[in-house]
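Shown next, in structure tokens, is the structure this report addresses.
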Amino acid sequence: MTLTLVGKALHDSHEYGPGQGWDADPRSRGAYLTDARIAVMAWDPTFGACRVCGSPTRLIADLGEVPLANCFETDAPRFPLRVEMCDDCVLPQLEETVDPHLMFDDYPYQSSQSRTFVEAARELVSRQDVQPDDFVVEIGSNDGYLLRHYDCHVLGVDPSNVTSDVPTLRAFFDADVAHSICVTRGPAKIIHANNVIAHCPDPHTVFAGIKNLLDSDGYALIESPYPGHLVDQWDTIYHEHVFYWTYTAIARAAAKHGLVVTDAEPIAMHGGSLRYRLAHQGVPLDLGEHLDIDGLTRRLMVEPEALAKKVSELQRAGKVVCGYGAAAKGSVLLSVSGIDLEFVCDTTPTKVGKVMPGTTIPIVPTSDLFRADVAVLLAWNFRDEILERESWWAGEWLMPHEVTG
Ligand code: TYD
Ligand code: ZN
């Protein structure tokens, strides 16, 4: 049997009902591996298999040993950050994934810190036709930034300790959790999942859960950054993002669980996302896709170095260079480019007073921006909002993906 067939056979033999999630593999330092991957790795340790379809994958990017991007400590644990590509699903994915409890149990991210997020959530909710008796669930509900806009029964599902102002079940959403919600609360008319499926190492249990929980005429709205821009957004590659979902991959994973993708609406969030609509039945969309993987490889070879050169030139000229936005993507950018900054400004109370992951760079309130001559906009996805908020500042903004070598 060829390696491909071993992977596929194991994958296809897997059942994705409640209680059937993939388990942690003790051989991989807290990393999660699929059955298919473990089997294939036994044949050849450099060989990967797609977590959605079991096909062999190829290595497309190696960002080195990178600290966990939301662990704001100098000794944040480091793990290899390597991306593999499944050409069958058009799905970039991490080679090795870190134990989700390590990343999400104590999570400093608060969605309501961004006006852009809250306004987009309010607008999205206003477009849904719900009655007071309807039931809406959000997977990865964080601080309730979205569900709080609904006038009906809501339930958030989120594993983190973030304080929420809506009823929240503290759990990783999976087929078991979906089953128990369905039994105790009944099926959901709408299931939201914004910026969360990229974070789930076992997507099959999530899709199985959605299938189980969704009312017969209900629908799921799933937002996920579109990796068409991965070439110039390589800093969005980090351990939390196991998958860089494309339409083809979502449609394939959904179909395995009897769900149909009936719409994919482009939205501006996170530098370009798609909002997928999934239902039990409907006319499936048919989209062709191509990702510029060679472009990503080329960009990674030149951009981090060009940025480091630019920052050290400024520092040699006596400029105080800071970062703006202690975003996870900022942490990746610092780690891969090796640049050192005086400090990083951020509005999030739970981040201020800490340090950028794996460094001694302090995170300070945004009022400290006056001390800098130049600010690297680490949270470039909120460019308009941040430039407007800080329009009082006379310094120079440096856009990390616009520096050319
Ligand atoms: P974000 O880009 O949402 O996240 P990540 O890369 O972690 O997924 O993070 C944006 C960070 O920027 C977040 O820590 C809040 C901060 N921020 C500001 O400091 N000022 C602002 O005006 C905005 C919008 C965000
Ligand atoms: Zn695949």
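Counting starts at 1 for both ligands and their atoms, in listed order. Basis for what follows: all heavy atoms, side chains included, without hydrogens, waters or symmetry-related copies.
At a 3.5 angstrom cut-off on N or O pairs, Ala328 counts as close to ligand 1. Geometrically, ligand 1 and Asn70 share no nitrogen or oxygen pair separated by less than 3.5 Å.
At a 4.0 Å heavy-atom cut-off, ligand 1 touches Glu385 through the side chain alone. Contacts of Lys351 with ligand 1, taken as heavy-atom pairs under 4.0 Å, involve the side chain alone. The side chain of Ala379, and not its backbone, has at least one atom closer than 4.0 Å to an atom of ligand 1 (non-hydrogen atoms only; side chain from C-beta on). At a 4.0 Å heavy-atom cut-off, ligand 1 does not touch Trp380 at all.
Side chains of Asp217 and His280: no donor on one and acceptor on the other come within 3.5 Å.
Protein heavy atom in closest approach to atom 22 (O) of ligand 1: Arg389 NE, 2.7 Å. Scanning all protein heavy atoms for the shortest distance to atom 20 (N) of ligand 1 gives Tyr324 OH, 3.3 Å.
Selection from Val352, Asp346, Val344, Ile386 by nearest heavy atom to atom 12 (O) of ligand 1 gives Asp346. Taking all heavy atoms of Asp384, Thr366, Thr347, Leu369 into account, the minimum distance to atom 19 (O) of ligand 1 is reached by Thr347.
For the pair Ser180 (side chain) and Val177 (backbone), a donor-acceptor distance under 3.5 Å is present.
In the displayed structure, Glu305 atom CD is contacted under 6.0 Å by at most 12 heavy atoms of other residues, nucleotides or ligands. Lys351 NZ: more than 12 foreign heavy atoms inside a 6.0 Å radius. Heavy-atom contacts from other residues, nucleotides or ligands closer than 6.0 Å to CZ of Arg383 number 12 or fewer.
In this structure, the side chains of Tyr150 and Asp134 stay at 4.5 Å or more apart for every pair of heavy atoms.
Here is the list of ligand 1 atoms found below 4.0 Å of a heavy atom in Tyr238: 5 (P), 6 (O), 8 (O).
Ring pair Trp245/Phe243 is tilted by interplanar angle, where 30° to 60° counts as tilted.
Between Cys89 atom SG and Cys53 atom SG, the angle centred on the Zn ion (ligand 2) amounts to 100° (nearest 10°).
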